[in-house]
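Taking it in order: structure first as structure tokens, then the write-up.
Below, read A as the first sequence line, B as the second, and so on, with proteins coming before strands; counting in each chain starts at 1.
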Amino acid sequence: MRYWLMKSEPADVSIDDLASFPNQTVDWYGVRNYQARNFMRDQMQVGDGVLFYHSNCDQPGIAGLAEVSTLAYPDRLQFIKDHKYYDPKATPETPRWFNVDVKLVRKTRLLSLKEMRENPALENLKILQRGNRLSITPVDPRDWQTIMALLA
DNA sequence: GCCAACGTTGGC
DNA sequence: GCCAACGTTGGC
């Protein structure tokens with residue numbers, strides 16, 4: 001079992017949106033970065049823990065806990081012409097982009113980016129490192145435990 | 001809206 | 001395979 005941090009723009013899908021969806025589940029569509037895709041396609045297992053992070057918004061930070069609820073499968077938007085996430089080089093026979101489904105475990109208090117930065121125990125968290133832009137990053141089990149304690 | 005950091009593209 | 005140009009991310 002692994003742990004992940006997954007960024008979502010709340011203007012697109014917020015933690016409250018996730019809570020309102022059928023089965024409180026969302027397909028993690030739109031990832032168009034190979035490293036992030038590979039994490040989903042090659043490493044994620046059903047039941048993996050997910051920190052649901054609000055990015056590119058007024059109050060960036062961890063907004064809830066979730067879990068991986070399916071293995072990766074082809075992202076349906078890559079095939080839709082004129083869609084923002086259309087990829088002309090992808091075909092159903094040779095899809096290029098994949099996503100898992102993510103299911104809400106519980107909404108938490110907002111653990112802000114600032115609070116995480118100020119906590120020395122979290123200094124190795126990928127999201128806090130300079131220049132990090134990856135929308136999906138692995139989380140060390142110790143960092144997961146630290147964050148669970150902060151959110152308890 | 002700015003801009004640093006980084007990924008991707010494409011000409012050569 | 002190099003690398004300049006360009007596009008995107010995302011905090012501030």
Closer than 4.0 angstrom, basic N to acidic O: yes or no for D87(A) and R32(A)? no
Decide if atom CD of Q43(A) counts as having more than 12 heavy atoms of other residues, nucleotides or ligands within a radius under 6.0 Å. yes
Is atom CZ of R142(A) surrounded by more than 12 heavy atoms (other residues, nucleotides or ligands) closer than 6.0 Å? no
Can K126(A) and D143(A) be said to form a salt bridge (charged side-chain N to carboxylate O under 4.0 Å, His left out), step by step? CA-CA 10 Å; K126(A) 296 252 189 333; D143(A) 292 338; over 6 Å; no
Heavy-atom nearest nucleotide on DNA chain B for N33(A) versus K89(A): which residue maps closer to 5'? N33(A)
Start at the 5' end of DNA chain B and walk down; is the nucleotide closest to R96(A) or to N132(A) reached first? N132(A)
What is the distance from CE of M116(A) to P of dG11(C), rounded to the nearest Å? 10 Å
Separation of K126(A) atom NZ from dG10(C) atom P, in whole Å? 16 Å
In whole angstroms, how far is the C1' atom of dC12(C) from the CG atom of L128(A)? 16 Å
Please confirm whether the shortest side-chain N or O distance from Y53(A) to OP1 or OP2 of dT9(C) is below 4.0 Å. no
Nearest-nucleotide pick for Y34(A), side chain only, options being dT8(B), dT8(C), dG10(C): dT8(B)
Rounded to whole angstroms, how far apart are CG on N56(A) and C1' on dC3(B)? 14 Å
For R133(A) and dC12(C), give me the distance from atom CZ to atom P, rounded to whole Å. 16 Å
Distance below 4.0 Å between K7(A) side-chain N/O and dT9(C) OP1 or OP2: no
Can you tell me the distance, in whole Å, between the CG atom of D87(A) and the P atom of dT8(C)? 14 Å
Separation of atom CZ in R32(A) from atom P in dG7(B), rounded to whole Å: 18 Å
Atom NZ of K84(A) to atom C1' of dT9(C): distance rounded to whole Å? 12 Å
